**Q** 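Here it is: the structure, laid out below.
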2 protein chains.
Amino acid sequence: MHWTDKLHAILMGVSDLTNRIDIDARLLAASNVKLDRALLPLLSRLALHEQMSTVELANLVGRDHSTVSRQLAKLEDLALIERVPSSGDRRVRMICPSAKGKALLGAVAKVRRQWIEAHFRDWPREDIDQLISLTGKMMEGLDEVSLGGIEMIETRSA
Amino acid sequence: MHWTDKLHAILMGVSDLTNRIDIDARLLAASNVKLDRALLPLLSRLALHEQMSTVELANLVGRDHSTVSRQLAKLEDLALIERVPSSGDRRVRMICPSAKGKALLGAVAKVRRQWIEAHFRDWPREDIDQLISLTGKMMEGLDEVSLGGIEMIETRSA
DNA sequence: GGTATATATGTGCATAATGCACGGATATGA
DNA sequence: TCATATCCGTGCATTATGCACATATATACC
């Protein structure tokens, strides 16, 4: 098995794991938080970026902006996010978690931290550091809106 | 930022990346393959497991078995999978990619290999090995059907 | 300035995806 | 044998999603 295939298999596993709705469900339950399962991933991403526009977030999660727009409306109804007019561009309303949203995320993060720590209990500290360092390096430039380097192969023909 | 939060952020990034439908779309286009975008992830997972039952696959991808059942029906119509009666249990039909399905996956894998190799072009070989080793270790026991170790915190209360 | 084009956002609408409930078949255990 | 559990597929209602469109604003070009 080629190393790229091995890596891809692992990444798929990671993806499946973080997408398992039952995990989010358990996380929310354990945090005593009630929230539509589709909204937590969105809120979690927002927390990592300080401020984002609707389109940026849509690109990040790979869905149509209209879909994200509707989900954001729900989050706003729940007062979990705030929308700030962008200083430079009056078309965009930047989005960020509200105090309430941050509190919710904090409660969830607390439980998740326990889970992750339990999972890595037997790991040497340097392995954990290496893991974070290398995966972080791998994601550099890829977690942004565009796909960067991957564009080097032309696929527009289709 | 706590290391667990950092790790979680990275994993979310990985998840987003592997879930970006545009990536699958580009992959299929660059491979000259035409396939419903929902079906490639399923087929890819099947390829990693030799044989799986419908329910197992459903658990793996975190969706209802009925949903997966319908998607598998599509894959079968396209002759991309085969169903073999399980020797031990006559209720289950084990699923695996057909020759045609494997050929398709092979074409896709070839392009993906190029992409991944390009992305890691500047990496020292030992870093790549370390990355695969550590992420593989991280996923041990988690890529299976049940969640294993994560269960250690009781969440059934909800 | 004025005009054409591009981008950000939200909404209507049709379609696709999803989960739940159910039924039939088989397996497991009392 | 009987009761219970599991595997699978289908009917059905609900939800999610994308596309097309409209509006407001920005950017580029003349």
Side-chain angles (χ1 to χ4, degrees), chain A residues 16 19-26 28 34-43 45-46 49 51-78 81-96 144-146 158, chain B residues 16 19-26 28 34-43 45-46 49 51-78 81-96 145-146:
Chain A
D16 286 343
N19 276 310
R20 296 272 292 270
I21 49 173
D22 54 320
I23 294 188
D24 277 357
R26 288 185 207 184
L28 289 169
K34 215 169 182 59
L35 182 65
D36 184 357
R37 65 197 158 90
L39 301 182
L40 181 60
L42 229 47
L43 199 57
R45 266 104 186 139
L46 282 174
H49 289 264
Q51 279 197 334
M52 295 187 83
S53 72
T54 303
V55 169
E56 283 171 342
L57 183 56
N59 286 340
L60 186 65
V61 300
R63 298 189 194 274
D64 195 82
H65 71 94
S66 63
T67 299
V68 174
S69 173
R70 277 182 282 256
Q71 291 171 332
L72 287 175
K74 288 185 195 172
L75 281 174
E76 196 175 17
D77 283 344
L78 295 167
I81 61 169
E82 282 168 4
R83 313 180 97 140
V84 207
S86 166
S87 51
D89 190 330
R90 275 188 303 176
R91 290 171 303 178
V92 321
R93 294 193 292 161
M94 299 306 271
I95 304 149
C96 55
E144 287 308 316
V145 169
S146 84
Chain B
D16 286 343
N19 276 309
R20 297 271 293 271
I21 49 172
D22 54 321
I23 295 188
D24 276 357
R26 288 185 208 184
L28 289 168
K34 215 169 180 62
L35 183 65
D36 184 359
R37 64 196 160 87
L39 300 183
L40 181 61
L42 229 47
L43 199 58
R45 266 104 185 140
L46 281 173
H49 288 264
Q51 280 197 333
M52 295 188 83
S53 71
T54 303
V55 169
E56 283 172 342
L57 182 57
N59 285 339
L60 185 64
V61 299
R63 297 189 194 280
D64 194 82
H65 72 95
S66 63
T67 299
V68 174
S69 173
R70 278 182 282 256
Q71 292 171 330
L72 287 176
K74 289 184 194 173
L75 282 173
E76 195 176 18
D77 284 344
L78 296 168
I81 61 169
E82 280 168 6
R83 313 180 97 138
V84 206
S86 166
S87 51
D89 190 330
R90 276 187 303 177
R91 290 171 303 178
V92 322
R93 293 192 293 161
M94 298 306 271
I95 305 150
C96 56
V145 170
S146 84

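Because the structure is predicted, anything quoted here is derived from the model rather than measured. Every chain is numbered from 1, with letters handed out A, B, ... down the list of sequences.
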**Q** B:L57 and B:R45: which non-hydrogen atoms are nearest, and at how many Å?
**A** CD1-CB, 4.2 Å
**Q** Grab the CG-C1' distance between A:D22 and C:dG19 for me, whole Å please.
**A** 14 Å
**Q** Between A:D24 and A:R20, does any side-chain N to carboxylate O distance fall below 4.0 Å?
**A** no
**Q** Does the pair B:L28 and B:K34 meet the rule for a side chain to side chain contact (heavy atoms under 4.5 Å, CB included), with working shown?
**A** CA-CA 6 Å; B:L28 289 168; B:K34 215 169 180 62; over 6 Å; no
**Q** How does protein contact run along nucleotides 10-22 of chain D, one letter per nucleotide 5' to 3', with B for base contact, S for sugar-phosphate only, - for none, heavy atoms under 4.0 Å?
**A** BBB---SBBB---
**Q** For the atom pair CZ (B:R63) and CG (A:N19), what is the distance rounded to the nearest 0.5 Å?
**A** 7.5 Å
**Q** Which pair of non-hydrogen atoms, one from A:L72 and one from A:R83, has the smallest distance, and what is that distance?
**A** CB-NH2, 3.8 Å
**Q** I'd like to compare against my own output: the B/S/- annotation of nucleotides 23-30 of chain C with a strict under-4.0 Å heavy-atom distance to protein.
**A** --BBS---
**Q** Once you round it to whole Å, what is the distance between P of C:dA17 and CG of B:N19?
**A** 15 Å
**Q** Side-chain contact, heavy-atom cut-off 4.5 Å: B:T67 with B:Q71?
**A** yes
**Q** Taking atom P of D:dC7 as reference, at what distance in whole Å does atom CG of B:L57 sit?
**A** 13 Å
**Q** Specify the separation, in whole Å, of atom CD of A:E76 and atom C1' of C:dT11.
**A** 15 Å
**Q** If you look at every heavy atom in A:H49 and A:L60, which pair is closest and at what distance?
**A** NE2-CD2, 3.9 Å
**Q** Measure across B:H65 and B:T54 and return the closest heavy-atom pair with its distance rounded to 0.1 Å.
**A** O-CG2, 4.0 Å
**Q** Round to the nearest Å and state the distance from A:R20 atom CZ to C:dG19 atom P.
**A** 13 Å
**Q** List the atom of B:S53, the atom of B:E56, and the distance in Å for their closest heavy-atom pair.
**A** N-OE1, 3.0 Å
**Q** Which atoms form the tightest heavy-atom contact between B:V61 and B:V68, and what is the distance?
**A** CG2-CG2, 4.1 Å
**Q** So if I take the C1' atoms of five pairs at each end of the helix from C:dG1-D:dC30 to C:dA30-D:dT1 and get each local axis, what angle do the two axes make, rounded to 10 degrees?
**A** 40°
**Q** Quick check for you: to the nearest 0.5 Å, what is the distance between A:M94 atom CE and A:L46 atom CG?
**A** 10.0 Å
**Q** Which part of the nucleic acid does B:S53 contact within heavy-atom distance under 4.0 Å: base, sugar-phosphate only, or nothing?
**A** sugar-phosphate
**Q** Write down the distance between CE (A:M94) and C1' (C:dT9), rounded to a whole number of angstrom.
**A** 13 Å
**Q** Round to the nearest Å and state the distance from A:L72 atom CG to C:dA8 atom P.
**A** 15 Å
